[in-house]
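Please read these numbers as outputs of a predicted model, since none were measured by experiment. Chain identifiers are assigned alphabetically (A, B, ...) following the order of the sequence lines, protein sequences preceding nucleic acid strands; residue numbering begins at 1 within each chain.
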2 protein chains.
Amino acid sequence: MAKIKDVAAAAGVSASTVSRVLCNGPVSDKVRKRVEAAMTRLDYRPNLAARRLRSQHTDTIGLIVSDIRNPFFTAVSRAVEDEAYRNGMRVILCNTDENPDKEAMYLRLMQEERVTGVIFAPTRQLVTSIDQQALGFPVVMIDRVSADAATDAVVLDNRRAAAQLVGHLLQQGYRDIGGLFGNTSNTGMERHAGFSEALQQAGLAAPARFVAPSVEAAEQAVLQWLAEPARPQALLVSNGVLLLGAVRAIKSAGLHWPQDVALVGFDNEVWTDLLGDGLTVMEQPVNEIGRTAMAMLLERLEEPERSQRIVVLQGKLMVRGSSLPQ
Amino acid sequence: MAKIKDVAAAAGVSASTVSRVLCNGPVSDKVRKRVEAAMTRLDYRPNLAARRLRSQHTDTIGLIVSDIRNPFFTAVSRAVEDEAYRNGMRVILCNTDENPDKEAMYLRLMQEERVTGVIFAPTRQLVTSIDQQALGFPVVMIDRVSADAATDAVVLDNRRAAAQLVGHLLQQGYRDIGGLFGNTSNTGMERHAGFSEALQQAGLAAPARFVAPSVEAAEQAVLQWLAEPARPQALLVSNGVLLLGAVRAIKSAGLHWPQDVALVGFDNEVWTDLLGDGLTVMEQPVNEIGRTAMAMLLERLEEPERSQRIVVLQGKLMVRGSSLPQ
DNA sequence: ACAAAAAGTGGTATCGATTTCAATTGCAGC
DNA sequence: GCTGCAATTGAAATCGATACCACTTTTTGT
């Protein structure tokens with residue numbers, strides 16, 4: 001494969017000049033044309049490894065999520081990548097499966113890649129222990145933050161969103177409301193807090209259960225819960241993955257919403273409006289989350305010293321049949 | 001950030017020796033320990049750009065798909081990435097939106113990255129014009145192939161799968177069967193071929209329509225089709241994205257399956273068994289496709305001269321309520 | 001005990017680009 | 001025609017690692 005020297009020779013100029021053509025440096029039009037002709041003739045492709053080594057910038061960002069198959073992350077990823085490529089950057093995707101060891105491993109890898117920055121949806125273990133200084137690149141957290149994290153972040157107003165869902169259920173006449181939450185992320189904790197607060201304010205109990213963030217775990221938990229004598233009239237489920245599990249459980253128990261049990265959840269996935277009269281959900285602005293995360297990363301690179309910034313976005317309540325008045 | 005020389009100095013050895021520790025070369029245990037200690041002390045991270053430049057292998061593969069939000073590609077991607085990281089390789093993900101210009105652009109980028117290989121779901125335009133020799137790296141195509149493509153590939157037996165779906169509908173008593181296919185991929189064409197053949201063999205007409213591979217396009221097409229006087233009794237839909245559009249159309253037309261129109265499709269997405277009595281679909285072995293693609297890429301790298309290989313996998317018919325006997 | 005082979009280590013060149021600095025060219029102004 | 005300045009261009013150093021070769025030390029076989 002042709003290298004810069006070959007192009008230089010073919011165009012009768014020095015390698016420096018070819019490099020200038022590549023990087024839009026000062027080159028006369030005549031020479032530029034000649035060099036560009038030589039490049040196409042030789043089918044030249046600059047070696048990015050060499051460029052990165054010398055120029056010390058990689059134009060690469062890392063995107064670390066728990067599982068790209070979670071539609072929330074799928075959508076966010078797509079938005080991040082669009083924005084990245086629009087800014088001439090590449091994206092390395094990492095799936096951690098909510099495993100702190102994998103998270104650490106990938107962060108290490110990101111250091112070796114000398115990435116420009118990282119967008120990261122961390123587990124609870126990692127969320128507070130991120131040290132950008134030590135890492136050597138800025139981090140923007142998405143979806144999950146804690147008050148004492150020291151990085152920029154883009155998150156949903158989880159407490160408020162959960163409280164809104166509870167408020168909606170209360171308004172519809174439900175009083176006996178249970179909550180199902182993921183046990184690995186801070187997000188689950190925050191949504192639980194909003195859930196509890198809202199119910200306590202109404203003077204009601206706030207029975208909650210926590211499960212591993214998988215469809216199967218949710219299905220099993222809900223199946224069991226619904227079989228208990230003190231089963232709730234309504235169920236709030238903390239994210240799209242768990243929601244799918246809850247739906248499966250309700251179906252396989254032969255129950256129906258809202259009459260047997262009302263159901264509301266997070267994440268407006270494509271199938272939520274197709275089931276019966278639809279599932280009431282809190283939609284997250286997934287595109288905006290991705291775009292904003294990328295934008296914040298770029299801003300941080302521009303201005304490394306500016307103060308930490310957390311962008312809190314609001315969800316959108318989509319009322320559908322699963323929470324009809326009792 | 002510490003570099004190899006710093007580690008060498010700290011450990012009192014040469015840079016070569018540190019490099020050997022890094023690459024598991026021949027080093028005495030005593031020295032290895034000392035070097036490793038120095039590495040942790042300095043928090044050393046090898047610079048991958050430098051390593052790649054010098055060693056001439058990047059351990060990076062490209063994964064080029066139309067849209068990661070298509071659950072088929074989501075699942076395949078996850079399998080590819082698992083397999084890649086298991087083999088010490090990184091993955092660069094690219095979304096082309098079925099746009100041949102973007103495809104060409106990303107292939108160019110892959111050359112600049114000097115990737116080890118690429119896994120690629122091409123549009124019809126690109127599928128035959130791929131020249132691995134010129135590209136400089138091996139390509140494994142997934143999901144979409146043509147007979148005259150010159151690369152390794154992993155695909156579903158699309159003709160047979162489509163024919164099986166048709167056979168199933170025929171068996172259930174349907175005679176008036178329409179087909180909806182994507183118009184950008186070879187896959188759509190092959191499934192159409194299987195669909196047509198099966199119906200012709202039964203001496204029946206095979207009305208087919210082709211649309212852009214988006215939910216909206218499918219919804220509109222189906223809505224229109226169902227409004228026509230000669231509307232089919234059953235509909236076969238060529239992939240999960242289009243299937244979602246078809247479902248939306250049928251719902252918004254106020255119709256029901258199977259009584260108003262039977263519905264079968266491809267891709268066993270998470271929601272397909274939740275709608276009414278479920279949607280009859282042809283499940284693709286998504287994990288196997290991803291794993292196999294990665295395995296074939298590795299094999300090709302081992303043995304560059306072996307003959308072209310196309311692995312054809314079989315789908316699995318999941319019979320559900322949407323195709324109940326008429 | 002000695003030769004031969006193997007293991008361990010260091011020095012230097014090199015991967016392919018960019019950066020820096022110095023040299024050259026071209027042109028305006030006088 | 002000469003000076004000064006800006007615009008181009010080239011030569012050489014450099015980014016941080018690995019590869020290759022040469023050398024020393026240790027091990028092995030007879």
No-H, no-angle donor-acceptor pair, A:R51 side chain to C:dT18 base, under 3.5 Å: no

Sidechain-backbone polar pair: B:E98 side chain, B:N183 backbone, donor-acceptor under 3.5 Å: no

Under 4.0 Å from OP1 or OP2 of D:dT14: is there any side-chain N or O of A:Q56 that close? no

Between the base of D:dA11 and the side chain of A:S16, is there any donor-acceptor pair under 3.5 Å? yes

Name the nucleic acid region contacted by B:R20, choosing base, sugar-phosphate or nothing; use a 4.0 angstrom heavy-atom cut-off, strictly under. base

Is any side-chain N or O of B:T17 closer than 4.0 Å to OP1 or OP2 of C:dG10? yes

Where each residue is assigned the nucleotide of DNA chain C containing its nearest heavy atom, which of B:V31 and A:K3 is assigned the position nearer the 5′ end? B:V31

Please determine whether a side-chain nitrogen or oxygen atom of B:S19 lies at a distance below 4.0 Å from atom OP1 or OP2 of D:dT18. yes

Are any side-chain N or O atoms of A:E112 and backbone N or O atoms of B:R45, one a donor and one an acceptor, separated by less than 3.5 Å? no

Could you check how far CZ of B:R32 sits from P of C:dA7, rounded to whole Å? 14 Å

Assess whether a salt bridge exists between A:R90 and B:E113, defined as any Lys/Arg side-chain N lying under 4.0 Å from an Asp/Glu carboxylate O. yes

By the 4.0 Å heavy-atom rule, please label A:V27 as base, sugar-phosphate, or nothing. sugar-phosphate

